[in-house]
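Here's the structure we're looking at; comments come further down.
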Amino acid sequence: MGSSFDLSGRVAIVTGGNGGIGLGMATGLAQAGAALVIAGRNADKNAAAVKGLEELGAKATAVEADVTVQAKCRALIETALNRFGRLDILVNNAGINIRKQPQDYTPEEWKCVLDTNLSSAFL
């Protein structure tokens, strides 16, 4: 019996896909047959994520990207299109938190959290 969740031939970008929940989602998409573009700021973690996804049989690549930078977001799309010819799924998973009460944030910390967790999905 085949999977009822078949993404064969589909291409997904997963921001923050090089670890934690993002890598878990990327793994699930890969197991369903999707090709992946992983976006993360850490090149070593990106490479490890791609290796693991390829070991599952997935086509995968990574882009070192800060999703708060519009040009980096555009590069993700271009990578997906250039490498796989299409883009079907976008998982806006990248996010950060600062481990203190929000009222104790500096304005720069607040902006960083908003830009990463909210504005990046818009970009």
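When reading the values below, keep in mind they use all heavy atoms of this one structure, side chains included, and skip hydrogens, waters and symmetry mates.
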- Message: Can you confirm whether Glu64 sits close enough to Lys72 that some side-chain heavy atom of one is under 4.5 Å from a side-chain heavy atom of the other?
- Response: no
- Message: With heavy-atom distances below 4.5 Å as the criterion, would you say the side chains of Asp115 and Leu123 are in contact?
- Response: no
- Query: Looking only at heavy atoms, which two atoms of Asp88 and Gly9 are closest? And how far apart?
  - Reply: OD2-O, 4.1 Å
- Roughly how far, to the nearest 0.5 Å, is the CG atom of Asn93 from the CG atom of Asn117? 10.0 Å
- Is the side chain of Tyr105 donor-acceptor paired with the backbone N or O of Val113 at a distance under 3.5 Å, no angle test? no
- Message: Quick check: closest heavy atoms across Asn18 and Ala49, and the distance to 0.1 Å?
- Response: CA-CB, 3.8 Å
- Message: Quick check for you: to the nearest 0.5 Å, what is the distance between Leu76 atom CG and Leu90 atom CG?
- Response: 8.5 Å
- Message: Atom CZ of residue position Arg86 - does it have more than 12 heavy atoms of other residues, nucleotides or ligands inside 6.0 Å?
- Response: yes
- Message: When you compare the side chain of Phe122 with that of Leu118, does any pair of heavy atoms fall below 4.5 Å?
- Response: no
- Message: Less than 4.5 Å apart, side chain to side chain, heavy atoms only: is that true for Phe84 and Val37?
- Response: yes
- Thr116 versus Thr68, closest heavy-atom pair with distance: OG1-CG2, 3.4 Å
- Message: Check for me, please, whether Met25 and Leu53 land in the same ILVMFWY cluster - side-chain distances under 4.5 Å, paths through other members count.
- Response: yes
- Message: Please find the pair of heavy atoms, one from Ile89 and one from Leu87, that lie closest to each other, and give the distance.
- Response: O-CD1, 3.5 Å
- Message: Is the shortest side-chain heavy-atom distance between Leu81 and Thr79 below 4.5 Å?
- Response: no
- Pairwise salt bridge (charged side-chain N to carboxylate O under 4.0 Å, His left out) hits with a residue in residues 90-103, at least two apart: Lys100-Glu109
- Is there side-chain contact between Ile13 and Ile77, with heavy atoms separated by less than 4.5 Å? yes
- Item | Hydrophobic cluster identity match, Leu23 and Val91, side-chain contacts under 4.5 Å | no
- Item | Crowding at CZ, Arg83 (>12 non-hydrogen neighbours, <6.0 Å) | yes
- Query: Taking all atoms of both residues into account, what is the closest heavy-atom pair of Ile96 and Cys112, and its distance?
  - Reply: CD1-SG, 3.5 Å
- Rounding to 0.5 Å, atoms CD (Glu55) and OG1 (Thr27) come to a distance of 11.0 Å
- Note on the structure: Nearest heavy-atom contact between Val67 and Ala94 is CG2-CB, 3.8 Å
- Message: Using side-chain heavy atoms (C-beta onward) and a distance below 4.5 Å, is Val14 in contact with Leu36?
- Response: yes
